[in-house]
> 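Supplied in structure tokens, the structure appears directly below.
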There are 2 protein chains.
Amino acid sequence: MAQIDRSLIAALPSFVGMGPEALDDVLAQARPLRAPKGSAVFNQGQNAEEFFLLLHGRLRVTRITPQGEQVVVRFVGPGDMFGVAMAIKSEIYPGTATAVVDSLALVWPNSAWTGLISRHPALALNTMGTLGARLQDSQTRILEMSTQQAEKRVAHAVLRLVNQAGRKTDEGILIDFPISRQDIAEMTGTTLHTVSRIFSAWEEKGLVKGGRRRILVCDPHGLFMLTEKAD
Amino acid sequence: MAQIDRSLIAALPSFVGMGPEALDDVLAQARPLRAPKGSAVFNQGQNAEEFFLLLHGRLRVTRITPQGEQVVVRFVGPGDMFGVAMAIKSEIYPGTATAVVDSLALVWPNSAWTGLISRHPALALNTMGTLGARLQDSQTRILEMSTQQAEKRVAHAVLRLVNQAGRKTDEGILIDFPISRQDIAEMTGTTLHTVSRIFSAWEEKGLVKGGRRRILVCDPHGLFMLTEKAD
DNA sequence: CGGTCGATTTGCGCCATAACAAAAAATCTC
DNA sequence: GAGATTTTTTGTTATGGCGCAAATCGACCG
């Protein structure tokens, strides 16, 4: 198999503090994987045999309850590791990862995990940092869902998306991957209908401009006010 | 300082797979800390300079929003690590840990963290597992808060407490540390009043017996049914 | 360009649950 | 054990946002 160039990953948060030979050791066991838009990289409940790093594109990670309700756990962006079931001592993938745009990832067999962690303490520390960041994020969401009502939760979710994937344009900040009202609803624990109403209200106030599966934030500062003091 | 006996920690999940000299290395930098009931081990926002392992007792970890609303993040039991801000690359403690009964912990200076992780890959893997378990737990709570209504969320919370800290008695399963309706409310994102009503209804059905700051689960199976099928 | 299908918007009625308000009960203190 | 304090229970009222349903809009396709 052709060796992947280490410059592809050297700058990523997961690999900071690692030398060239360490990076080569990491890459030696990886293979690339193309994920066309709409395809699933892995499915909830599947036996977890590999872990991943996203190089390019965007994935949506979802979880489904036994009763069939779905929630969006997070969006994966370039440089993020995902499907690290090994790290969390799980035999199966706890969620489903779907490409929302054409994407490209690196894949390692789970068998490589323990060795890599043991040989590269920096990788261990970085991975913990990533898990910790996700934990913080989850707990923040719990905090919001416990104490705030729908409009604020939606505002926070949009602001988080802006930070993760916002692209400045001359009209405002564009979230540059397809995301539906349904997605926002599943991120905030509300319904499609409520999100739609909230967005309509925001459009009237000039805070956002909605397109189909697109969000254009005209006034992020206004959203901040919405999340701080209440209307 | 007197060396702590390694048998105290050898069997704990955080230290499985570590040999005697590794355990001694870990313990060499630790000191014991008593936390009387009601005292805070650390406070939200404080500079994080140490990390901890609970040997005996029970702590409640809470987080407060800028607006002053509080939520209960989790309960820490014997054998659990807590306050591992280092692991998650945080400078400060993101929450407050309060002893709900007289407790005893081990304390390490943060400066010991990187070295310990680097020297003991097993500790790294175990810690990741712990973080992963908490992440799973958080995401499960998000799932529940998104899709289920108050009664089910409370039922789940009680069942989780039963698993963590339930003690069998001849009348049922007793959660053997002080926990108020307010606590349950803060764990489930509802109000004191709603929790009280729910508990009253359960008492009428014979599912639980409530005492002040105590919960006695008479029929866990009944609660399971409550969380599965509705009604 | 017309047809089809998915996404979004909007109206309406209803219900779970929050908010407010007190009383009652349990526990602690001296 | 009397009083004070905290916790819990319970009643009443108000409302956010969910469920249902139907209309509209926009995009993609042949």
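A, B, ... follow the sequence lines: proteins, then strands. Residue 1 opens every chain.
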> Could you state the CZ-P distance from B/Arg197 to C/dA19, rounded to the nearest angstrom?
12 Å
> Rounded to whole Å, please give me the gap between CZ in B/Arg153 and C1' in C/dA16.
11 Å
> Mind running ring-ring contact (aromatic ring centres under 6.0 Å, His included) on A/Phe82 and A/Phe51 for me, showing each step along the way?
CA-CA 7 Å; A/Phe82 63 101; A/Phe51 62 95; 10.0 Å; no
> Let me know the distance between CE of B/Met145 and P of D/dG17, rounded to the nearest Å.
13 Å
> May I have the distance from A/Phe199 (atom CZ) to C/dT10 (atom P), rounded to whole angstrom?
14 Å
> Atom CD of B/Glu186 and atom P of C/dA18: how far apart are they, to the nearest Å?
13 Å
> Does the distance from a Lys or Arg side-chain N to an Asp or Glu carboxylate O, for B/Lys209 and B/Glu203, drop under 4.0 Å?
no
> Considering residues, nucleotides and ligands other than A/Arg214, do more than 12 of their heavy atoms fall under 6.0 Å from its CZ?
yes
> Taking atom P of C/dT27 as reference, at what distance in whole Å does atom NZ of B/Lys37 sit?
12 Å
> For B/Ile215 and D/dT9, give me the distance from atom CD1 to atom P, rounded to whole Å.
11 Å
> Using whole Å, what does the distance between atom P of nucleotide D/dC18 and atom CD of A/Glu151 come to?
13 Å
> Which residue pairs satisfy the salt bridge (charged side-chain N to carboxylate O under 4.0 Å, His left out) criterion with at least one member in residues 70-89 of chain B, sequence neighbours excluded?
none
> May I ask you to test the B/Arg31-B/Glu50 pair for a side-chain heavy-atom distance under 4.5 Å?
yes
> Taking for each residue the nucleotide of DNA chain D bearing the nearest heavy atom, is the 5' side occupied by A/His193 or by A/Ala150?
A/Ala150
> Look at the side chain of A/Thr190 and decide which nucleotide, out of D/dT12, D/dC18, D/dG17, has an atom nearest to it.
D/dC18
> Which one of B/Arg63, B/Arg60, B/Gln70 satisfies the side chain to side chain donor-acceptor pair (under 3.5 Å) criterion with B/Glu186?
B/Gln70
> I want to check one thing: is the phosphate of C/dT17, taken as OP1 and OP2, less than 4.0 Å away from some side-chain N or O of B/Thr194?
no
> For nucleotides 1-8 of chain D, give me every protein contact, N/O to N/O, under 3.5 Å, one pair per line with atom names.
residue, atom, partner, partner atom, Å
D/dT7, OP1, B/Arg213, NH2, 3.3
D/dT7, O4', B/Arg212, NH1, 3.1
D/dT8, OP1, B/Arg213, N, 3.2
D/dT8, OP2, B/Arg181, N, 3.2

> Below 30° counts as parallel, above 60° as perpendicular, anything between as tilted: where do the rings of B/Phe42 and B/Tyr93 land?
parallel
> Could you please name the option among D/dG17, C/dA16, D/dT9 that lies closest to any side-chain atom of B/Glu203?
D/dT9
